[in-house]
Participant: 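Below you'll find the structure I mean.
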Amino acid sequence: MSERQKRKDHWQAVALSGDIRGKPKRILFDGQPLVLFRSAQGIAALFDRCPHRLVELSTGKLVGGEIECPYHGWRYDGEGRCTAIPGHVGEMPHYRVRRFGAVERDGVVFVSSGTPEAEPYLHCMQGKNVVVRRVRSSTQSTVIDAAENILDATHTHFTHKGLLRGLGSKRHLVRVEVTGGEGWVEACYTGEDRQQGLISRLLEGERAKTIGRFRYPGIAELVYWGKDGLALATTFHLRQADERTVEGVGWLIGPRQGWLGGIKALAFKPLFNIALRQDRRVLKSASDNARFAPPALPVIGPLDFLRRDIAAIIAGELPPAAEEPRVHQIEL
Ligand code: FES
Ligand SMILES: [Fe+2]
């Protein structure tokens, strides 16, 4: 199956349900402008270009669940059919705007350029008894760099000093097992001590293991297991909106433990947003710098366990870890 064909079989998370209320919203989807809105048939995704004079439909307004172009007022329903040409008397000609598949699940909007049969993948604790918060981010970067950033434990000592890691420089020997299969790779960390960063101190008990996983086409997830089960998890859906922008929609997940669980999950979101800002800063710095000649391929260092696997998965290929699982020892 070609990479293009494969993508058609997938849903991609593009927005939070809360982003699409009374107004249409324009997004870039695989480099194409789309308009999202609530139609009579439910959430709709159309190519954001009026076939008449090519104006952005998203700059128009919603009238009775249809989108009205701001130029001459032509209207389109959720299926992309032109339903009104103001001033025209007589039979309506059949004009259409290209329509994309769109569904809404658990507060998130998914779009596809094909018609996937499977339900969209939401997050790693789907169907479990958990509390979730949803977040959205926009980062100047590429999907591979942004995904690697989420899964890379080694940058936390520097980029997130004090937040995800302690202020001291003490490290512990940690075992990392990398395994993979068709469309996924994961690194499992064991032997970590309790983390001294603010987030960990507030939210976690003793840590048993951490899993960082990447899934096709751009999903990065982290799962922290404590002695008594799930401590925290996050699943982030990333996509390349345009050449320099990665849009992310994600779930922050915690175990449901009565009111305490709810409070912890609430505390997690603002702290997580600080971490997100710190990451955005380094990723933007790298992206800005990448434009200068000579063009440079990034060095894949000895601790960059997942880089080649993520690249292979994004390209629609089997990751190296699928053929040969690896074990590393590092100081973390
Ligand atoms: S450009 Fe949209 S109605 Fe004319
Ligand atoms: Fe980070």
Side-chain angles (χ1 to χ4, degrees), residues 24 26 33-35 37 46-63 66-77 80-88 92-98 135 137-166 187 189 192 195-200 203 210-214 220-224 232-236 238 246 248 250 252 268-287 303-307 310 332:
R26 180 181 167 102
L34 261 57
V35 56
F37 64 99
L46 303 181
F47 193 62
D48 190 14
R49 189 162 75 185
C50 181
H52 185 217
R53 288 296 174 273
L54 315 188
V55 166
E56 297 162 34
L57 291 171
S58 56
T59 58
K61 63 178 182 192
L62 294 182
V63 182
E66 297 183 342
I67 190 155
E68 184 185 89
C69 179
Y71 197 179
H72 309 92
W74 290 21
R75 275 192 211 164
Y76 303 89
D77 67 11
R81 286 179 297 242
C82 180
T83 58
I85 299 179
H88 170 65
M92 274 288 293
H94 297 287
Y95 300 131
R96 288 199 83 110
V97 185
R98 184 176 170 203
V135 280
S137 75
S138 182
T139 311
Q140 185 188 317
S141 189
T142 57
V143 166
I144 184 166
D145 283 341
E148 186 191 41
N149 168 266
I150 293 174
L151 302 177
D152 163 27
T154 64
H155 80 288
T156 55
H157 290 285
F158 298 90
T159 311
H160 308 297
K161 198 177 181 86
L163 187 67
L164 298 178
R165 298 279 164 186
Y189 298 76
E192 277 177 287
Q195 293 306 320
Q196 291 305 312
L198 183 62
I199 289 191
S200 317
L203 306 177
T210 305
I211 294 175
R213 188 183 300 121
F214 182 81
E221 49 197 16
L222 288 170
V223 193
Y224 301 103
L232 278 175
T234 171
T235 292
F236 239 83
L238 305 167
V246 173
L252 307 178
F268 188 28
K269 189 164 165 172
L271 294 173
F272 184 86
N273 280 329
I274 298 174
L276 216 57
R277 249 198 316 270
Q278 294 171 330
D279 283 328
R280 267 207 296 268
R281 202 176 309 141
V282 289
L283 289 171
K284 177 178 186 304
S285 164
S287 162
L303 303 182
D304 303 332
F305 313 122
L306 300 180
R307 180 83 185 191
I310 296 172
L332 202 57

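All values reported here derive from a predicted model rather than from experimental measurement. First listed ligand is number 1; within each ligand, the first listed atom is number 1.
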Participant: Hey, what do you get for CD (Glu221) to CZ (Arg213), rounding to the nearest 0.5 Å?
Facilitator: 4.5 Å
Participant: I need the NE2(His155)-the Fe ion (ligand 2)-OD1(Asp279) angle, rounded to 10 degrees.
Facilitator: 90°
Participant: How many angstroms lie between atom OG1 of Thr142 and atom CG of Asn149, to the nearest 0.5 angstrom?
Facilitator: 10.5 Å
Participant: Kindly check if the number of other-residue, nucleotide or ligand heavy atoms within 6.0 Å of NE2 (His88) is above 12?
Facilitator: yes
Participant: I need the nearest protein heavy-atom contact for atom 1 (S) of ligand 1: residue, atom name and distance, please.
Facilitator: Arg53 N, 3.2 Å
Participant: Of all the N, O or S atoms in His72, which one sits nearest to atom 4 (Fe) of ligand 1?
Facilitator: ND1
Participant: So which of the N, O or S atoms of His52 lies nearest atom 4 (Fe) of ligand 1?
Facilitator: ND1
Participant: Hey, is Asp77 close enough to Arg96 for a salt bridge, meaning N to O under 4.0 Å?
Facilitator: no
Participant: For ligand 1, which atoms, with element, lie under 4.0 Å from some heavy atom of Tyr71?
Facilitator: 1 (S), 4 (Fe)
Participant: With the Fe ion (ligand 2) as the point of reference, which N/O/S atom of His160 is the closest?
Facilitator: NE2
Participant: If you round to the nearest 0.5 Å, how far is SG of Cys69 from OH of Tyr76?
Facilitator: 6.5 Å
Participant: Work out the angle at atom 2 (Fe) of ligand 1 between SG of Cys50 and SG of Cys69, rounded to 10°.
Facilitator: 110°
Participant: Start with the C-alpha distance between Arg280 and Ser137, add both sets of side-chain angles, then the distance that settles side chain to side chain contact (heavy atoms under 4.5 Å, CB included), and finish with yes or no.
Facilitator: CA-CA 9 Å; Arg280 267 207 296 268; Ser137 75; 3.9 Å; yes
